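Values in this document were obtained by computation on a predicted structure and should not be read as measured data. For this chain, numbers begin at 1 and follow the sequence in order.
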Amino acid sequence: MSVAEDFRVRRSDFLATALAAATVPSGRSMLRLDAFPAGHDIDPYRDPEYGVDEIAWLYADGLVGWENGPVPLLAEALPEVADGGRRYRYRLRKARWHDGENLSSRDVLAAFGAIREGFWGTFEPYRSVREIVRTGDRSFDVVLQRPYAGFVRSFFGPYGSFALPLLRSATASLPVGTGPFAVRDRHDISSWRLESFADSPRGRARVDRIELRYLYSRQTELIGLEAGECDIALPLPGDFQASPSFRRLRRTTGTTVMMFNFDGPFGDYRVRRALAKVLDVATLQRRYDRGRTSLLASLRLDGGNDARLASALAHDSKFVEELRRRLGGHEIRIMTLPGTSVDSAMEFVRQTLVNDVGLSVQMIATPYGELFGPMSPLRRGEFDLAVNSYAYADDADLAADWSCAFRVPNGGNFARWCDPAFERSIASGNRGAAFRRLYDRLAAIPLSRAYEDIGVGRRVCDVPAPTTLVPMTYTCTAWRFC
């Protein structure tokens, strides 16, 4: 399950990467990397801010990597799955930390303990772990409370709205990893030196050194990029002008939707259809997305759904009376996140229901920190309409977010939707049919694609195209100067 778009983009807002080519006296290649942080550390276990995890993939690896799907990295092979998806059996490859110590299963237990005690421990996949059982010096089993479809790729893996690698964390020292670069020095409160490390399972980097510095102005890193003082900047300010000194790469981080609680009045397709017609969805989208991009152009609609979805969402005031009739006597509970674009979008929905339809509406303000907690209206089912974001990148995400088997409390299907045709499509691997079913039945009203822009200077080559929900820094071994 993904976080709401405003907060998903915080990961992007954190990382403003600038890689500037230079040469140190020894003749070894050096990159200057500037970051725009939400935190002040490079250890995501100590500083659990979105984006710190992305920096960590410079110096740390995961149990698995990513090549259009999970692949073994620090694990010798993908884990064996047992007990109906509740037990994963891992064996570690022979690897060593940057300080020369051998990697062992004890390190995995220590890393999991550090995560579980902190902020990240409240999120999947770590929240679902019941225990980790050491079965040898390089082997262990992970036992889950319940099956979780995205477990292998996201448990110490590079795929997710946050992606935590495996590292050794200590309160008063530099973090230690096994990745392509080793953290060798902290110059001051906001700058570090990283040196290449030949024995990373991801291979040797094509540059020898990174000077990492945290900045606190996105305009500063843009100016540096335009002046040729840096080579990559992430993210760019939303209103930046095109420049011959760099090219732009864009990556998306999910689809944001307004979802329904199917255990309430919106479990009836006719009610959902009437609401979709009564709402001016184009205006709703602009309220949420702040006018950055048009609705349908911002969505990835698989299976040729564009025309059908556009027709279903077309504004038609003739449905006002039907919506009033079908919802009469119901007080509609709208969940919102104060101080965010979610609040603006849901206020627009409230005004439509109250002023145009004449319904009674209750606004439920939920702090972001409580969004997915045990007392959240999402988990308790105490809502009718809410906004959430999903990472529609593969079938597993669709299953985790929408399958009947993952209805809360067993998983992240907060909408409580259960549709036999959708289940058949997921079971057969027909992703396009699953998407069509979601949209044909108006399981949710799509609002926006969350995205970020990356600026790449003309002196930098071999920066792979960004992959949705995979840290840009995961591919740092490919970066080179032209």
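Here Asp384 contributes atom CG and Phe262 contributes atom CZ; the two are 12.0 Å apart, rounded to the nearest 0.5 Å. Rounding to the nearest 0.5 Å gives a distance of 7.0 Å between CG of Asn68 and OG1 of Thr467. The distance from the CE atom of Met259 to the CG atom of Asn388 is 5.0 Å, given to the nearest 0.5 Å. The CG atom of Asp61 sits 3.5 Å away from atom OG1 of Thr178, with the distance rounded to the nearest 0.5 Å. Note: Leu144 CG to Glu131 CD = 10.5 Å, rounded to the nearest 0.5 Å. How far CD1 of Ile334 is from CZ of Phe383: 12.0 Å, rounded to the nearest 0.5 Å.
Residues meeting the side chain to side chain contact (heavy atoms under 4.5 Å, CB included) test with Arg424, sequence neighbours left out: Pro420, Ala421. For Thr336, the side chain to side chain contact (heavy atoms under 4.5 Å, CB included) partners at least two apart in sequence or on another chain are Val342, Asp343, Met346, Met363, Ala365.
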- Task: Could you walk me through whether Tyr59 and Leu167 pass the side chain to side chain contact (heavy atoms under 4.5 Å, CB included) test, one step at a time?
- Result: CA-CA 9 Å; Tyr59 64 83; Leu167 57 92; 3.8 Å; yes
- Under the side chain to side chain contact (heavy atoms under 4.5 Å, CB included) rule, what do Glu76 and Arg138 come out as? Steps first, then yes or no, please. CA-CA 10 Å; Glu76 280 189 345; Arg138 290 194 293 120; 3.4 Å; yes
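Between Phe156 and Tyr126, the gap from one ring centroid to the other is short of 6.0 Å. Ring centroids of Trp417 and Phe422 are separated by less than 6.0 Å, placing the two rings close together. The distance between the ring centers of Phe140 and Tyr90 falls below 6.0 angstrom. Between Trp120 and Phe162, the ring center distance clears the sub-6.0 Å criterion.
In this structure, Glu331 places its CD atom where more than 12 heavy-atom neighbours from other residues, nucleotides or ligands lie under 6.0 Å away.
Inspection of the Asn413 and Ser403 side chains reveals no N or O donor paired with an N or O acceptor under 3.5 Å. Side-chain contact, Thr477 with Arg202: no donor N or O sits under 3.5 Å from an acceptor N or O.
Relative to the ring axis of Phe414, Arg379 does not place its NZ or CZ within 45° and under 6.0 Å from the centre.
Between Asp141 and the options Arg134, Arg87, Arg91, a salt bridge (charged side-chain N to carboxylate O under 4.0 Å, His left out) holds for only Arg87.
Looking at Arg407 and Cys404, their side chains come closer than 4.5 Å, going by heavy atoms from C-beta outward. Side-chain contact between Phe266 and Ile332: present, with at least one pair of heavy atoms (C-beta onward) separated by less than 4.5 Å. The side-chain heavy atoms of Val460 and Phe246, taken from C-beta on, include no pair separated by under 4.5 Å.
Salt-bridge formation is not detected for the pair Asp316/Arg273: no Lys NZ or Arg NE/NH1/NH2 atom is positioned less than 4.0 Å from an Asp or Glu carboxylate oxygen. Using a cutoff of 4.0 Å between basic side-chain nitrogens and carboxylate oxygens, Glu321 and Arg325 are not scored as salt-bridged.
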